[in-house]
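Okay, structure first, notes after.
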Amino acid sequence: QTGSANTNPSDSADDEYITSVSIGTPAQVLPLDFDTGSSDLWVFSSETPKSSASGHVTYSPSKSSTAKKLSGSTWSIEYGDKSSSSGDVYTDIVTIGGFSVKTQAVESATKVSTQFVQDTVISGLVGLGFDVGNQVSPRPQKTWFSNAASSLAEPLFTADLRHQETGSYNFGFIDTSLAKGTIGYTPADGSEGYWGFTATGYSVGGAKLNRNSITGIADTGTTLLLLPDNIVDAYYNNVESAEYDDSQEGVVFDCSEDLPSFSFGVGGQTITISGDLLNLTPIEEGSSTCFGGLQSSADIGINIFGDVALKAALVVFDLGNERLGWAQK
Ligand SMILES: CC(C)C[C@H](NC(=O)C[C@H](O)[C@H](CC1CCCCC1)NC(=O)CC[C@H](O)[C@H](Cc1ccccc1)NC(=O)OC(C)(C)C)C(=O)O
């Protein structure tokens with residue numbers, strides 16, 4: 001068995017990617033953010049304060065004949081961007097791309113932070129990280145993919161995120177026609193809950209790869225490519241107007257600049273992110289100053305290959321073989 005779901009950029013900056021998920025009987029369809037950087041499936045619900053839920057699609061367990069309260073269980077999460085949410089837990093049928101998990105923990109939000117209230121394009125997250133990262137207590141719950149894996153044709157899923165166009169999350173199969181290059185595989189470290197891996201080097205503007213290990217995570221829930229300062233500096237030294245903007249908390253440059261590409265080595269392949277993918281967006285509507293898709297990871301303590309990097313590739317999240325595959329698109 002397999003599943004295939006379309007995913008769409010949330011806005012003109014590809015800040016997030018939205019995928020429709022069906023929950024309950026009859027199906028309640030919610031727009032959710034698939035996040036390989038976390039491991040909880042949580043949703044805005046009938047239990048979310050009305051003022052916080054306004055503008056969001058919500059899940060009502062009371063309207064689902066297959067919903068069951070997981071009594072005594074609660075959850076609470078704080079994300080890297082300091083946003084947070086918490087609540088209680090139900091189990092229900094959750095269908096993604098035509099594949100159904102009968103008894104999936106659906107974490108219902110009784111509290112959401114301001115950022116989630118304001119981000120009305122999504123009604124919650126589907127964590128696609130490793131189960132060890134799940135935040136339900138007293139008994140952690142499995143992710144949708146973990147529950148699905150044993151019934152899928154292959155215990156893997158692929159992410160095909162695209163710039164300003166529809167992409168896909170495929171479960172249980174690899175559609176190699178989505179990529180131009182060969183898939184290069186490298187071991188994945190799931191011990192922290194993330195899809196951790198080590199890139200073997202980088203280069204700017206198509207130069208030869210500098211060999212140096214870059215350990216990081218493949219994270220569909222992070223917008224940017226976040227790497228060490230020495231690499232970020234090496235890149236922006238090639239961008240005439242680049243400068244650090246305190247108010248934007250990142251490197252900005254003239255939108256008219258022709259940005260060089262950025263490449264990294266992984267699994268014996270080289271993934272090249274084109275210059276236009278490295279210009280994320282004007283700092284505000286109509287501005288001629290643009291915000292870089294590559295920024296420093298220095299104050300995070302972990303390197304993150306977020307959507308800016310993932311958009312250049314077809315990425316295989318292979319749980320069965322504990323490995324990540326990357327192919328140039
Ligand atoms: C709970 C843990 C087990 C796991 C947890 N994991 C993470 O924090 C990483 C994870 O991928 C989280 C998942 C995101 C949380 C916030 C909502 C969207 C998903 N990523 C994050 O926490 C990183 C935050 C994202 O990069 C935001 C996403 C965003 C975009 C638009 C509007 C709002 C929010 N982008 C964002 O800020 O884009 C700018 C910089 C261009 C404005 C952790 O490490 O603590």
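Not measured: the values here are computed from a predicted model. Just follow the structure's listing: the first ligand is 1, and inside any ligand the first atom is 1.
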### Task
With heavy atoms only and a cut-off of under 4.0 Å, state how D33 meets ligand 1: side chain, backbone, both or neither.
side chain
### Query
Any chance CD of E78 has more than 12 other-residue heavy atoms, nucleotides or ligands included, within less than 6.0 Å?
yes
#### Entry: Parallel, tilted or perpendicular: rings of F130 and W195 (30°, 60°)
tilted
### Query
Counting from 1, what ligand 1 atoms have a heavy atom of D219 closer than 4.0 Å?
9 (C), 10 (C), 11 (O)
#### Entry: Protein contact of atom 33 (C) of ligand 1 - nearest heavy atom, named by residue and atom, plus distance
Q115 NE2, 3.1 Å
### Task
Return yes when atom CG of D258 has more than 12 non-hydrogen atoms of other residues, nucleotides or ligands closer than 6.0 Å, and no otherwise.
no
### Query
Which of the numbered atoms in ligand 1 are below 4.0 angstrom from a heavy atom of L280?
41 (C)
### Message
Can you confirm, on distance only, whether ligand 1 has an N/O atom lying under 3.5 Å from any N/O atom belonging to G37?
### Response
yes
### Task
Using a strict cut-off of 4.0 Å, indicate which atoms of ligand 1 neighbour a heavy atom of Q135.
3 (C)
### Task
Answer yes or no for S39: is there a heavy-atom contact with ligand 1 below 4.0 Å?
no
### Query
Is there a donor-acceptor contact under 3.5 Å linking the side chains of D229 and S296?
yes
### Message
Run F305 and L227 through side chain to side chain contact (heavy atoms under 4.5 Å, CB included) and show every step you take.
### Response
CA-CA 8 Å; F305 292 76; L227 295 177; 3.9 Å; yes
#### Entry: Sub-4.0 Å atoms of ligand 1 with respect to non-hydrogen atoms of D119
32 (C), 33 (C)
### Part of D81 within contact of ligand 1 (heavy atoms, under 4.0 Å)
both
#### Entry: Polar contact flag, side-chain donor to acceptor under 3.5 angstrom, D40-Q135
no
### Task
Find all atoms of ligand 1 within a distance of less than 4.0 Å from any non-hydrogen atom belonging to D15, and give their numbers and elements.
30 (C), 31 (C), 38 (O), 41 (C)
### Query
Should you measure from each heavy atom of S83, which atoms of ligand 1 turn up under 4.0 Å away?
16 (C)
### Message
Return the closest protein heavy atom for atom 20 (N) of ligand 1 as residue, atom name and distance.
### Response
G221 O, 3.1 Å
### Task
Sequence neighbours left out, what passes side chain to side chain contact (heavy atoms under 4.5 Å, CB included) with K180? Give chain and number order.
none
### Task
Identify, by atom number and element, the atoms of ligand 1 in contact range of G80, meaning under 4.0 Å from any of its heavy atoms.
7 (C), 8 (O), 22 (O)
### Ligand-residue contact atoms, ligand 1 with G133, heavy atoms, under 4.0 Å
3 (C)
### Query
Which word best sums up how the rings of Y169 and F157 line up, parallel for under 30°, tilted for 30 to 60°, or perpendicular for over 60°?
tilted
### Task
Name the orientation class of the two ring planes belonging to W42 and F116 (parallel below 30°, tilted from 30 to 60°, perpendicular beyond 60°).
perpendicular
### Task
Report the member of Y194, F34, F291, Y79 with the shortest heavy-atom distance to atom 44 (O) of ligand 1.
Y194
### Task
Report yes if S38 has an N/O atom closer than 3.5 Å to an N/O atom of ligand 1; otherwise report no.
no
### Message
Applying side chain to side chain contact (heavy atoms under 4.5 Å, CB included), can you list everything that pairs with P9, at least two apart in sequence or on another chain?
### Response
D14, Y17, Q164
### Query
Going by heavy atoms, is E78 under 4.0 Å from ligand 1?
yes
### Query
Any donor and acceptor pair, going by atom type alone, linking the side chain of T289 with main-chain N or O of I283 inside 3.5 Å?
no
### Task
Compare L125, I77, T223, D307 and give the one whose heavy atom is closest to atom 28 (C) of ligand 1.
T223
### Query
Which one holds for L224 and ligand 1: side chain close, backbone close, both close, or neither close, with close meaning a heavy atom under 4.0 Å?
side chain
#### Entry: Polar contact flag for F116 and ligand 1 (N/O pairs, less than 3.5 Å)
no
